[in-house]
Amino acid sequence: MLERLGVIVTIAFVLTRFQFFQDLISHEKLGKKQQLIATLFFGVFGIIGTYLGVTLNTETNSFDRLVMNLTSEEAIVNSRVIGVVLAGLLGGYRMGIGAGLIAGVHRFTLGGFTGLSCGLAAILSGIIAGAFHRRSKRLNLGVAFSVGALAESVQMILILVVAKPFGNAVNLVENIGIPMIVANGVGSALFLLIINNVVKEKEKTSALQARETLRIADQTIHYLRKGITNASALSVCKILYKEMHASAVAITNKTNILAHVGLADDHHRAGSPLQTDSTREVMERGEMIVADGKSIHCVQKDCPLGAAVIAPLKQRGKTIGSLKFYFKSEKEISSVNLEMITGLSVLLSNQLEVAEADRAYQLAKEAEIKALQAQISPHFLFNSLNTIVSLIRIDPVKARKLLLSLSQFLRQNLSGTTTNMTSLQQELNHTKAYLTIEEARFVDKLTVLYDIDESVMTTQVPPLTLQPLVENAVKHGIRNMERDCIIHISIKMLGTSVEVKVEDNGDGIESKRLIDLGQKPLQSKTGSGLGLYNVNRRLRLTFGENAVLRIDSQPQKGTQITFLVPNGGKTND
């Protein structure tokens, strides 16, 4: 019996190579077809356990290693129970009973005075093991040993109850009872131990692969954010070459090699056209291919690259390039390599998808900013022209100055719809051009105060950001005042950010309107609030939530609008 445990170990190892068996060990749900295959497999394993046994003649107490048709005095010392017990423990009642029927019926056909009792015992073993099946929990060795020993004990009891003559049954149980109980218990536990160890090793390998893949993803995502270019492909190839230990790594688009790192880089050069039919086949089929030396078709006869794994790179389901891992020979390509390369091709394809989505988002964001900027129009245009017309006769010099200021203002408005960013200095110049015109209209009623830190004036902001805030102060803050109108513009450092503040001493804003002001357009008798909403929206899109407008106002005391430009104008990508 102990000799037979070596065979059990071998069979257990072979079983772990089958996917359905790995699913069974992992407690994954098996389909009907898989359950049938597993039941037949364990049933056959039970039959093998029978044939691996030895015959015992109860009259002479002599053993024979051959298990053939038995005489009425003979029985079999065997390990049949192990296969049936494992079927029930791993698959439940159905598989346990099914395997027990297969092994039991076979045992009955062999004859001997214990044929019926041993056949029934095989079926009962499947039922007992099925009672210990737990889908949500992994089996431990103690349970396997106990169930195997219990099933064999039940067989001994059935032999005593059913087998005839009774004297032979008693003699048989006295001779083989304890050895068979212990051996089958140990065999069941040993079988499970091997399976669990192999499965754990596979899980460990999978975990290491996942960790390796995540590390590669973390290193490559930065380079692929701008898509697949010669520069990004070269950086990614260097990372993969270092991590995967292949002879060489290459990335191609649909027509040319973008980068090649490793052996044979003297003739496998970036910019060269694709050489292999295998690569073209990958482009057409969108599936990974393993190519040998002949399929590579290298132009260099003594090329050291004897095999390659070529995987597709895809965007939106279409193959846009290939990822190639070269090896000196096909012997170096293991199943682990193939799994890793498959995973990496999917990973890099997903990163390219994300990069494309990021670019699309950026374009959409820029398009929205352009649309918002275009909505900001010079509301005071007609009033300004009327003012200039009225000054042409009485003060032509001042009219000319106002016309130049208006021209500069309109030019800045126009350029604001075609550029993404501008400096605070340009924004301030634009605002001063606007205020020059407004000061002419207010005629000594308006005073503008400036508190400017010249060192921060190169900071980049979205165009048409400052002037609408000042225009809002003029139109809605001080328009009803007869004299002493003050607007204070402050631009200075505040910690690591640049603070831009526009203050007026005008009418102020009602508290109930402050909540929504700048968050959405607001219809009122004096305006729509679109200017503040557009500025706030563009600041949020460009710099993030920390840059949004902060509005403080008190009725009859004035309004203060502030925003921050974080990190010296670094945009929020």
Side-chain angles (χ1 to χ4, degrees), residues 212-293 295-300 303 305-327 333 337-363:
E212 178 77 9
T213 302
L214 289 174
R215 184 168 67 248
I216 292 173
D218 184 58
Q219 295 179 67
T220 57
I221 190 169
H222 169 73
Y223 298 103
L224 292 178
R225 290 185 69 178
K226 296 182 180 179
I228 184 169
T229 63
N230 288 86
S232 63
L234 179 61
S235 298
V236 171
C237 283
K238 287 179 179 179
I239 293 169
L240 295 178
Y241 178 70
K242 177 182 177 182
E243 296 288 344
M244 291 293 292
H245 307 293
S247 296
V249 180
I251 291 179
T252 76
N253 58 21
K254 298 183 75 172
T255 57
N256 297 309
I257 300 172
L258 295 177
H260 181 100
V261 175
L263 287 180
D265 58 358
D266 58 332
H267 58 279
H268 288 261
R269 294 177 179 174
S272 302
L274 300 181
Q275 299 179 18
T276 68
D277 292 333
S278 298
T279 305
R280 296 186 186 91
E281 186 178 350
V282 169
M283 298 295 177
E284 293 174 3
R285 294 171 50 188
E287 298 176 359
M288 188 172 73
I289 288 178
V290 179
D292 57 20
S295 302
I296 293 176
H297 296 305
C298 184
V299 294
Q300 191 96 358
C303 180
L305 303 176
V309 180
I310 309 170
L313 294 175
K314 298 183 178 182
Q315 273 186 355
R316 297 182 180 180
K318 294 183 178 180
T319 303
I320 63 164
S322 68
L323 175 64
K324 306 174 75 171
F325 287 85
Y326 288 98
F327 300 88
I333 304 174
N337 290 142
L338 293 176
E339 287 183 16
M340 277 291 291
I341 293 169
T342 300
L344 287 172
S345 89
V346 174
L347 168 69
L348 297 183
S349 295
N350 289 338
Q351 288 183 343
L352 291 172
E353 292 273 8
V354 171
E356 186 179 26
D358 282 345
R359 286 197 300 275
Y361 170 75
Q362 189 65 30
L363 289 173

Review point. Looking only at heavy atoms, which two atoms of Ala259 and Ala233 are closest? And how far apart?
Key: CB-C, 3.6 Å
Revision key, fill the gap. The ring-ring contact (aromatic ring centres under 6.0 Å, His included) partners of Tyr326 (sequence neighbours excluded) come to His260, His268
Study note, to complete from the structure: dist Thr279:OG1 -> Ile257:CD1 (nearest 0.5 Å) comes out at 8.0 Å
Review point. Between Ser278 and Ile289, what is the shortest heavy-atom contact and its length?
Key: O-CD1, 3.9 Å
Check your understanding: Do Leu323 and Phe325 pass the side chain to side chain contact (heavy atoms under 4.5 Å, CB included) test, and can you show the C-alpha distance, the side-chain angles, and the key distance before you say yes or no?
Key -> CA-CA 7 Å; Leu323 175 64; Phe325 287 85; 3.5 Å; yes
Practice item. Determine whether Leu338 and Val290 make a side-chain contact, defined as any pair of heavy atoms from C-beta on separated by less than 4.5 Å. Key: yes
Review point. Which is it for Val309 and Met288 under the side chain to side chain contact (heavy atoms under 4.5 Å, CB included) test, yes or no, and what are the steps along the way?
Key: CA-CA 7 Å; Val309 180; Met288 188 172 73; 3.6 Å; yes
Review point. Yes or no on side chain to side chain contact (heavy atoms under 4.5 Å, CB included) for Thr229 and Leu258, after CA distance, side-chain angles and deciding distance?
Key: CA-CA 7 Å; Thr229 63; Leu258 295 177; over 6 Å; no
**Study point:** Heavy-atom closest pair, residues Lys254 and Met283
**Key:** CA-CE, 3.9 Å
Review point. Nearest 0.5 Å, what's the CD1-CD distance between Ile310 and Glu287?
Key: 13.5 Å
Revision key, fill the gap. In short, Asn256 meets Gly271 closest at the heavy-atom pair OD1-O, 3.8 Å
Point to revise | Taking every non-hydrogen atom, the tightest pair across Leu263 and Ala248 | key: O-CB, 3.6 Å
Review point. If you measure only the distance, is there a donor-acceptor pair under 3.5 Å linking the side chains of Ser235 and Ser232?
Key: no
Point to revise | Set of side chain to side chain donor-acceptor pair (under 3.5 Å) partners for Ser322, sequence neighbours left out | key: Thr252
Practice item. Count the heavy atoms of every other residue, nucleotide or ligand shown that sit under 6.0 Å from CZ of Arg215, and state whether that count exceeds 12. Key: yes
**Study point:** Arg280 side chain to Leu274 backbone, donor-acceptor under 3.5 Å
**Key:** yes
Check your understanding: Does Lys314 reach the main-chain N or O of Gly286 with its side chain, forming a donor-acceptor pair under 3.5 Å?
Key -> yes
Practice item. Could you pull out the closest heavy-atom pair between Ala270 and Asn230, with the gap in Å? Key: CB-ND2, 4.4 Å
**Study point:** Main-chain N/O of Thr255 paired with Asn253 side-chain donor or acceptor, under 3.5 Å
**Key:** yes
Check your understanding: Can you check side chain to side chain contact (heavy atoms under 4.5 Å, CB included) on Met244 and Ile341, steps first, answer last?
Key -> CA-CA 9 Å; Met244 291 293 292; Ile341 293 169; 4.2 Å; yes
